[in-house]
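The structure under discussion appears below in the form of structure tokens.
Values below: every heavy atom of this structure, side chains too, minus hydrogens, waters and symmetry copies. Numbers for residues simply follow the sequence, beginning at 1. Predicted model, so just to flag it, every value in this text is computed and none were measured.
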Amino acid sequence: MYTAHPDRYADMPYRRTGRSGLKLPALSLGLWHNFGPDRPVETQRAILRRAFDLGVTHFDLANNYGPPPGAAESALGEALKADFTPYRDELVISTKAGYLMWPGPYGEWGSRKYLLSSLDQSLARMGLEYVDIFYSHRFDPETPLEETMGALHTAVQQGKALYVGVSNYSAEQTREAARILADLGTPLLIHQPRYSMLDRRPEDEGLLDTLDDLQVGSIVYSPLEQGLLTGRYLDGIPEDSRAASDSPFLNSDAVTEDLVARLRALDEIAESRGQTLAQLALAWVLRGGRVTSALVGASSPRQIEDSVGAIGNLDFADEELARIDAIVRGQAAR
């Protein structure tokens with residue numbers, strides 16, 4: 001029987017999400033690729049236990065996480081039953097709907113029918129009565145935003161979600177979503193964008209400014225840029241890496257000689273700070289408190305430990321930030 005570490009809250013910083021009362025750990029665990037039938041069950045449970053022992057109280061999912069779709073939620077459901085039943089009220093569990101989940105016209109995007117049906121399926125897979133956060137996973141250009149946001153509001157009214165969020169919405173779309181939700185009486189809690197040292201679009205396109213203005217929280221995904229910022233690619237492409245497999249999320253063509261040179265330069269900065277490259281990348285997105293939480297994946301408990309090590313140094317000198325910007329922006333086109 002798993003018993004959580006008594007000092008699990010000693011070191012992890014918790015940040016208030018926008019203007020809500022909800023605090024999230026600076027690092028959250030994403031169950032995107034490493035939770036499903038192709039991974040040992042005991043490894044999956046060990047990752048979740050170690051994360052919680054280190055103060056990572058937020059587990060983030062989506063209906064289609066796996067593979068196959070739904071597998072991550074089912075795996076979490078088994079782990080919750082086996083290890084976390086006494087700790088449910090200490091956990092923040094989120095899921096999303098928006099990408100393809102089942103065939104036919106009602107299996108993706110942002111209709112009321114799809115979102116609420118998907119949430120019911122997600123709750124069944126996880127064995128939960130409610131999730132803490134339910135997201136619209138992507139903007140639907142063919143469904144009125146009032147319908148999509150109305151479905152999120154209904155999920156809260158039904159007691160199936162405590163809070164709602166959006167992911168992959170532009171600054172303008174986020175502002176309109178927040179307005180609609182405010183009129184309905186269900187505030188927009190959080191936005192989940194892609195953001196890293198190598199992907200500055202939330203800065204460049206005004207999303208972070210919009211979230212500041214709206215007092216909406218942010219939890220960023222891919223802060224390690226699909227593994228590029230973990231140090232695995234400092235000497236090229238390892239045979240067992242994601243890039244070597246020509247994954248749709250990272251292929252070998254992206255790992256150019258110029259990129260490897262920039263990664264090595266960033267690694268030198270990390271080393272001067274007493275951090276790994278991954279820890280530097282996580283600290284960078286969390287700098288200054290503008291981002292509420294950073295999502296990390298893990299294939300082993302050790303990876304969780306390394307990620308959590310980033311919180312030991314989240315401060316940057318102006319000179320360090322300028323060097324990082326020069327490396328990422330100044331030496332080559334992204």
Side-chain angles (χ1 to χ4, degrees), residues 15 26-27 30 167-175 191-213 216-238 241-243 247-297 306-307 309-311 313-334:
R15 296 176 168 187
L27 291 173
S167 182
N168 301 305
Y169 277 50
S170 71
E172 182 180 355
Q173 292 160 356
T174 300
R175 189 175 293 278
H191 190 298
Q192 187 174 131
R194 179 169 179 159
Y195 183 46
S196 74
M197 288 195 293
L198 299 178
D199 187 344
R200 306 290 189 86
R201 284 174 294 178
E203 291 178 18
D204 298 341
E205 297 173 2
L207 178 61
L208 294 185
D209 290 337
T210 296
L211 298 179
D212 288 343
D213 183 47
V216 169
S218 60
I219 179 167
V220 300
Y221 72 90
S222 292
L224 303 181
E225 203 59 31
Q226 297 296 316
L228 287 176
L229 292 170
T230 63
R232 294 203 71 200
Y233 297 90
L234 296 177
D235 297 312
I237 303 175
S241 66
R242 183 170 295 171
S247 160
F249 305 106
L250 178 66
N251 59 59
S252 56
D253 292 340
V255 188
T256 62
E257 289 184 8
D258 176 72
L259 175 60
V260 171
R262 286 189 283 160
L263 295 177
R264 289 173 178 165
L266 292 171
D267 189 54
E268 290 178 4
I269 297 176
E271 187 175 354
S272 72
R273 291 168 51 87
Q275 293 180 315
T276 64
L277 178 55
Q279 289 169 344
L280 171 72
L282 293 171
W284 184 88
V285 298
L286 292 168
R287 72 197 186 285
R290 196 177 194 190
V291 166
T292 311
S293 185
L295 275 167
V296 296
D306 183 74
S307 294
I311 66 175
N313 185 8
L314 299 180
D315 296 323
F316 286 82
D318 291 342
E319 183 269 340
E320 288 178 314
L321 294 174
R323 285 177 62 197
I324 290 170
D325 280 351
I327 291 166
V328 173
R329 292 184 183 271
Q331 293 184 355
R334 289 178 301 174

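- Under the 3.5 Å distance criterion, the side-chain polar atoms of T292 are matched with a main-chain donor or acceptor of S218.
- The two residues Q173 and N168 come nearest to each other via the heavy atoms OE1-O, 4.5 Å.
- For the pair P193 and V220, the minimum side-chain heavy-atom distance is below 4.5 Å.
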The test is side chain to side chain contact (heavy atoms under 4.5 Å, CB included); show your working for L207 and R201 and say whether it passes. CA-CA 8 Å; L207 178 61; R201 284 174 294 178; over 6 Å; no

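- In this view, I324 and M197, R200, L266, I269, L280, W284, F316, V328 satisfy the side chain to side chain contact (heavy atoms under 4.5 Å, CB included) rule, not counting sequence neighbours.
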When you look at I327 and E268, which way does the side chain to side chain contact (heavy atoms under 4.5 Å, CB included) test go after all the steps? CA-CA 11 Å; I327 291 166; E268 290 178 4; over 6 Å; no

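- Summarising the geometry, atom CD1 belonging to I219 is positioned 3.5 Å from atom CG belonging to L295; distances are rounded to the nearest 0.5 Å.
- For E172, the CD atom is loosely surrounded, since the number of other residues' heavy atoms within 6.0 Å does not exceed 12.
- A donor-acceptor pair is defined here as one N or O able to donate and one able to accept, closer than 3.5 Å; such a pair exists between the side chain of R273 and the backbone of D315.
- The minimum heavy-atom distance between V285 and P223, with the atom names listed, is CG2-CB, 4.1 Å.
- With hydrogens and angles disregarded, a donor-acceptor distance shorter than 3.5 Å links the side chain of R264 to the backbone of L234.
- Listed by chain and residue number, L198, L228, T256, R262, L263 satisfy the side chain to side chain contact (heavy atoms under 4.5 Å, CB included) test with L259 (two or more places apart in sequence, or in another chain).
- Residues passing the side chain to side chain contact (heavy atoms under 4.5 Å, CB included) test with R290, sequence neighbours excluded: L208, D209, D212.
- A donor-acceptor pair is defined here as one N or O able to donate and one able to accept, closer than 3.5 Å; no such pair exists between the side chain of H191 and the backbone of V216.
- Nearest heavy-atom pair across R287 and L321 is CD-CD2, 3.8 Å.
- To the nearest 0.5 Å, atom CZ of residue R175 and atom OH of residue Y169 are 16.0 Å apart.
- Counting all heavy atoms, side chain and backbone alike, D306 lies closest to Q279 at O-NE2, 2.9 Å.
- A side-chain donor-acceptor contact under 3.5 Å links Q275 to the backbone of N313.
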Before giving the answer on side chain to side chain contact (heavy atoms under 4.5 Å, CB included), spell out for D199 and S222 the whole-Å C-alpha distance, their side-chain angles and the decisive distance to 0.1 Å. CA-CA 9 Å; D199 187 344; S222 292; over 6 Å; no

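- Among all heavy-atom pairs drawn from A294 and L282, the shortest one is CB-CD2, 4.3 Å.
- Scanning both residues, A26 and R15, for their nearest heavy atoms gives CB-NE, 4.5 Å.
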